[in-house]
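Report on the structure given below.
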Amino acid sequence: RINQVLESVHLSGVKEKMPYELSGGEQQRASIARALLNNPEIILADEPTGNLDPSKSEKIIKLLKEINSKGTTVIIATHDYEVMKKYQARIIKCGNQTISEFEVDAL
């Protein structure tokens, strides 16, 4: 199962590497792979692109969208408005002690 999950997050070649030997993007994908091992119904991703360059951020968001398309609910907490604009989905805003739906056009 580990090989299958690593393949699904495009990390099949790093199975024997230690975490410190992985790039930031690879470390993020390894974290997602660990979560996928348990066949979750929901993945909560807190700032999954926070420490990544734009190219790696895009790969992580595309991976999460791919996982979502296969039936897993993916909830992303982010302050990255560029990600919200580029990868439009339902946006829920939490602030000022309220929760409300947010229009991407308002960004």
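- A side chain to side chain contact (heavy atoms under 4.5 Å, CB included) with I43 is found for exactly one of I75, L36, T73, namely L36.
- I76 is not connected to I92 by any chain of hydrophobic side-chain contacts under 4.5 Å among Ile, Leu, Val, Met, Phe, Trp and Tyr, and they are in different clusters.
- In terms of hydrophobic clustering, with Ile, Leu, Val, Met, Phe, Trp and Tyr side chains grouped at heavy-atom distances under 4.5 Å, V74 and L37 are assigned to a common cluster.
- V9 and R29 get closest at one heavy-atom pair: O-CD, 3.2 Å.
- A distance of 11.0 Å separates CD of Q4 from CD1 of I2, quoted to the nearest 0.5 Å.
- A salt bridge links K70 with E66: at least one charged nitrogen is closer than 4.0 Å to a carboxylate oxygen.
- Counting only distance, with no hydrogens or angles, the side chain of E7 and the backbone of S12 share no donor-acceptor pair below 3.5 Å.
- In this structure, I42 is not a member of the same hydrophobic cluster as I60, with clusters built from ILVMFWY side-chain heavy atoms closer than 4.5 Å.
- In this structure, the side chain of N38 does not engage the main chain of P40 through any donor-acceptor pair within 3.5 Å.
- Distance OG1/T72 to CD1/I32: 11.5 Å, rounded to 0.5 Å.
- Taking NZ of K65 as the start and CD of E58 as the end, the distance is 11.5 Å to the nearest 0.5 Å.
- A salt bridge does not link E82 with K86: none of the charged nitrogens is closer than 4.0 Å to a carboxylate oxygen.
- Every residue two or more places apart in sequence or in another chain that forms a side chain to side chain contact (heavy atoms under 4.5 Å, CB included) with E47 is listed here: T78, H79.
- Shortest non-hydrogen contact noted between G25 and K56 is N-CD, 3.9 Å.
- Taking NZ of K15 as the reference point, atom CG of L6 lies at 7.5 Å (rounded to 0.5 Å).
- No more than 12 heavy atoms of other residues, nucleotides or ligands shown are found within 6.0 angstrom of CD1 on I99.
- Interatomic distance, N68 CG to Y87 OH, rounded to the nearest 0.5 Å: 14.0 Å.
- Under a cut-off of 6.0 angstrom, the local environment of CZ in R1 is crowded, with over 12 non-hydrogen atoms contributed by other residues, nucleotides or ligands.
- Within a 6.0 Å sphere centred on CG of N96, other residues, nucleotides and ligands contribute 12 heavy atoms or fewer.
- Nearest heavy-atom pair, A45 versus L64, reported as atom, atom and distance to 0.1 Å: CB-CD1, 4.3 Å.
- In this structure, the separation between CG on L11 and CD on Q28 is 11.0 Å, given to the nearest 0.5 Å.
- Closest approach of A30 and L22 over heavy atoms only: CB-CD1, 4.3 Å.
- In this structure, the side chain of E101 does not engage the main chain of R90 through any donor-acceptor pair within 3.5 Å.
- Annotation for E41: atom CD does not count as buried by contact number, only 12 or fewer foreign heavy atoms lying within 6.0 Å.
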